[in-house]
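Contents: one structure, followed by commentary.
Basis for what follows: all heavy atoms, side chains included, without hydrogens, waters or symmetry-related copies.
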Amino acid sequence: MDTAIAPPTMHTFGDAVPAGRLRLESIDLLRGIIIVIMALDHVHDFFGVPGANPVNLATTTVPLFFTRWVTHFCAPVFFLLTGTGAFLTLRRMSKRELSGFLLTRGLWLIVLEAVVMRFALQFNVDYQVTLLIVLWALGWAMIVLAGLIYLPTWALVTVGVAMVAGHNLLDGIAATAFGALAPLWTVLHVPGFLITGPHTVFVTYPLVPWMGVTALGYALGQVYAWDAGRRQAWLLRLGLALTVGFVVLRWLNVYGDPFPWSAQRSPLWTLVSFLNTQKYPPSLLFLLMTLGPALLLLRVFDVGTPRLLRPVLAFGKVPLFFYVLHFYLTHLLAVAVCYVGYGDVGGMFRSPDLGHFPFTAPPGWGLGLPWIYTIWIGVVLALYPLCRWYAGVKRRRRDWWLSYL
């Protein structure tokens with residue numbers, strides 16, 4: 001169903017859905033698919049072999065690599081749709097009100113990352129090891145967008161493109177080059193330690209490219225004011241352009257990722273090398289590889305939601321609710337498996353080192369991919385009734401607290 005003329009709600013982590021408002025199903029559907037896939041990555045974090053790197057071609061397997069690779073689409077799509085949803089919210093808010101909304105929701109996500117999600121990952125409050133991950137970056141991207149929305153569209157797009165396409169020019173600059181300002185460079189561009197010592201804080205998601213994706217998502221929101229034919233044609237052309245741009249630029253090996261691909265022992269492994277782009281921070285090629293197909297899916301879903309995928313809408317309407325709950329459920333399942341297999345669950349509550357995050361696993365810990373996929377499906381199915389219920393609550397009610405989960 002074409003809902004382009006309906007007043008959609010904001011499509012970000014923590015959005016509130018006023019009663020009587022329609023949503024853009026294409027955006028909810030894509031977000032639902034993405035967050036379900038994201039859960040696979042996190043199940044692997046808890047049940048896979050500690051310290052194993054799925055994208056290290058020297059040690060990984062093809063199934064393990066592609067299990068990780070498919071989850072690469074998650075973060076870029078969330079940041080893009082955060083910006084898109086912000087623009088769509090202008091249909092029910094003034095620009096000043098939207099700016100305030102983005103500021104407060106951004107601050108809330110940062111607090112959520114540091115408190116609620118840290119506990120979900122480690123089940124302790126000692127703060128010996130804290131990772132600043134996706135909600136941290138998403139929160140800051142919303143805060144920055146709160147100011148960027150006052151720019152004219154051309155200027156906002158210029159800023160977004162410069163951040164996404166130009167940040168790899170700075171790859172050769174180490175944080176130490178900035179002396180006392182080194183932590184700022186870590187926050188903006190290079191993953192690394194923000195604080196060291198008995199209480200370690202590590203920045204996993206540097207902000208610059210993610211802020212750029214969010215800004216471009218805000219500009220993308222304007223196409224949903226167009227008629228369906230024009231919008232669908234534009235999504236198709238842009239999606240194809242980004243995807244082809246990834247293939248060409250990656251093939252040339254001249255720019256866009258700090259790790260060039262190379263011929264391997266077989267065509268399949270060469271493909272693995274070709275697709276193995278950098279996520280931390282996301283390189284230009286990483287973002288082209290993921291956002292191009294995402295736009296093509298938005299084009300496909302713009303004509304309607306396939307019947308078989310309709311249940312996924314429940315997750316896409318309450319993404320933050322699912323995101324928080326699936327971490328707690330997955331960690332609890334890991335505790336149960338540890339108890340059955342080892343009789344001691346102390347490590348499940350003890351801070352790890354960075355190489356064995358998110359918990360201190362016992363020797364021999366780690367399940368094979370068939371078990372990981374089985375647990376993932378179980379987690380998704382277990383949370384479906386709760387997500388469907390909560391989506392109904394948000395549809396019917398206007399309580400202020402609903403905008404925070």
> Does any N or O in the side chain of Arg397 come within less than 3.5 Å of the main-chain N or O of Val393, such that one atom is a donor and the other an acceptor?
Replying inline: no
> Quick check, are the ring centers of Phe315 and Tyr384 under 6.0 angstrom apart?
Replying inline: yes
> Got a second to check how far Leu298's CG is from Leu30's CG, nearest 0.5 Å?
Replying inline: 5.0 Å
>> Quick one about Gln232 and Asp302 (side-chain donor to acceptor, distance below 3.5 Å, no hydrogens or angles considered), yes or no?
In response: yes
> Can a salt bridge be assigned to the pair Glu25 and Arg310 using a cut-off of 4.0 Å between side-chain N and carboxylate O?
Replying inline: yes
>> Please list all pairs meeting ring pair (Phe, Tyr, Trp, His ring centres under 6.0 Å) that have one or both residues in residues 144-170, counting only residues at least two apart or in different chains.
In response: His167-His189
> Do any N or O atoms from the side chain of Asn253 and from the backbone of Pro260 form a donor-acceptor pair under 3.5 angstrom?
Replying inline: no
> Atom CG in Asp257, atom CG in Asn276: separation rounded to 0.5 Å?
Replying inline: 8.0 Å
>> For Ser273, give me all partners under side-chain contact (heavy atoms from CB on, under 4.5 Å), at least two apart in sequence or on another chain.
In response: Leu57, Trp261, Ser262, Gln264
> With no hydrogens and no angle check, do the side chains of Thr82 and Tyr218 hold a donor and an acceptor under 3.5 Å apart?
Replying inline: no
> Checking Thr60 side chain against Asn56 main chain: does a donor-acceptor pair fall under 3.5 Å?
Replying inline: no
>> Would you say that Leu386 contacts Tyr390 through its side chain, given a criterion of any heavy-atom pair below 4.5 Å between the two side chains?
In response: no
> Between Met348 and Ala334, what is the shortest heavy-atom contact and its length?
Replying inline: CE-O, 3.6 Å
>> I'd like to know if the side chain of Thr214 and the backbone of Trp210 have a donor-acceptor N/O pair within less than 3.5 Å.
In response: yes
> Which pairs count as side chain to side chain donor-acceptor pair (under 3.5 Å) when at least one residue sits in residues 327-341, sequence neighbours excluded?
Replying inline: none
> Can you name the side-chain contact (heavy atoms from CB on, under 4.5 Å) partners of Pro358, sequence neighbours left out?
Replying inline: Phe46, Leu121
Enumerate donor-acceptor pairs with a distance under 3.5 Å from any side-chain N or O in residues 126-143 to protein atoms, sequence neighbours excluded.
residue: Asp126; atom: OD1; partner: Arg118; partner atom: NH2; Å: 3.1
residue: Asp126; atom: OD1; partner: Gln128; partner atom: N; Å: 3.0
residue: Asp126; atom: OD1; partner: Ser351; partner atom: OG; Å: 2.8
residue: Asp126; atom: OD2; partner: Ser351; partner atom: OG; Å: 3.1
residue: Tyr127; atom: OH; partner: Ala114; partner atom: O; Å: 2.7
residue: Thr130; atom: OG1; partner: Arg118; partner atom: NE; Å: 3.1
residue: Trp136; atom: NE1; partner: Tyr205; partner atom: O; Å: 3.3

> Where do Thr243 and Leu296 come nearest, in terms of heavy atoms and distance?
Replying inline: OG1-CD1, 4.2 Å
>> Could you report the tightest heavy-atom contact between Pro319 and Phe78, atom names first, then the distance?
In response: CB-CE2, 4.4 Å
> Shortest non-hydrogen contact from Val125 to Phe119?
Replying inline: CG1-CD1, 4.0 Å
>> Would you say Asp45 and His42 are linked by a side-chain donor-acceptor pair, where the criterion is simply a distance under 3.5 Å?
In response: no
>> Please evaluate residues Leu288 and Val247 with respect to the criterion side-chain contact (heavy atoms from CB on, under 4.5 Å), reporting the C-alpha separation (whole Å), side-chain torsions for both, the decisive distance (0.1 Å), and the verdict.
In response: CA-CA 9 Å; Leu288 291 175; Val247 174; over 6 Å; no
> Using 4.0 Å as the upper bound for N to carboxylate O, is an ion pair formed by Asp28 and Arg31?
Replying inline: yes
>> Aromatic contact between Phe246 and Phe274, with the criterion being ring centroids under 6.0 Å apart: yes or no?
In response: yes
Without placing hydrogens or testing angles, list every side-chain donor-acceptor pair under 3.5 Å for residues 172-187, not counting sequence neighbours.
residue: Trp185; atom: NE1; partner: Ile173; partner atom: O; Å: 3.0
residue: Thr186; atom: OG1; partner: Ala182; partner atom: O; Å: 3.3

>> Side chains of Arg96 and Ser99 only: does a donor on one sit below 3.5 Å from an acceptor on the other?
In response: no
> Backbone N or O of Pro281 within a donor-acceptor pair of the Gln278 side chain at under 3.5 Å?
Replying inline: yes
> Got a donor-acceptor contact below 3.5 angstrom from the Glu97 side chain to the Ser94 backbone?
Replying inline: yes
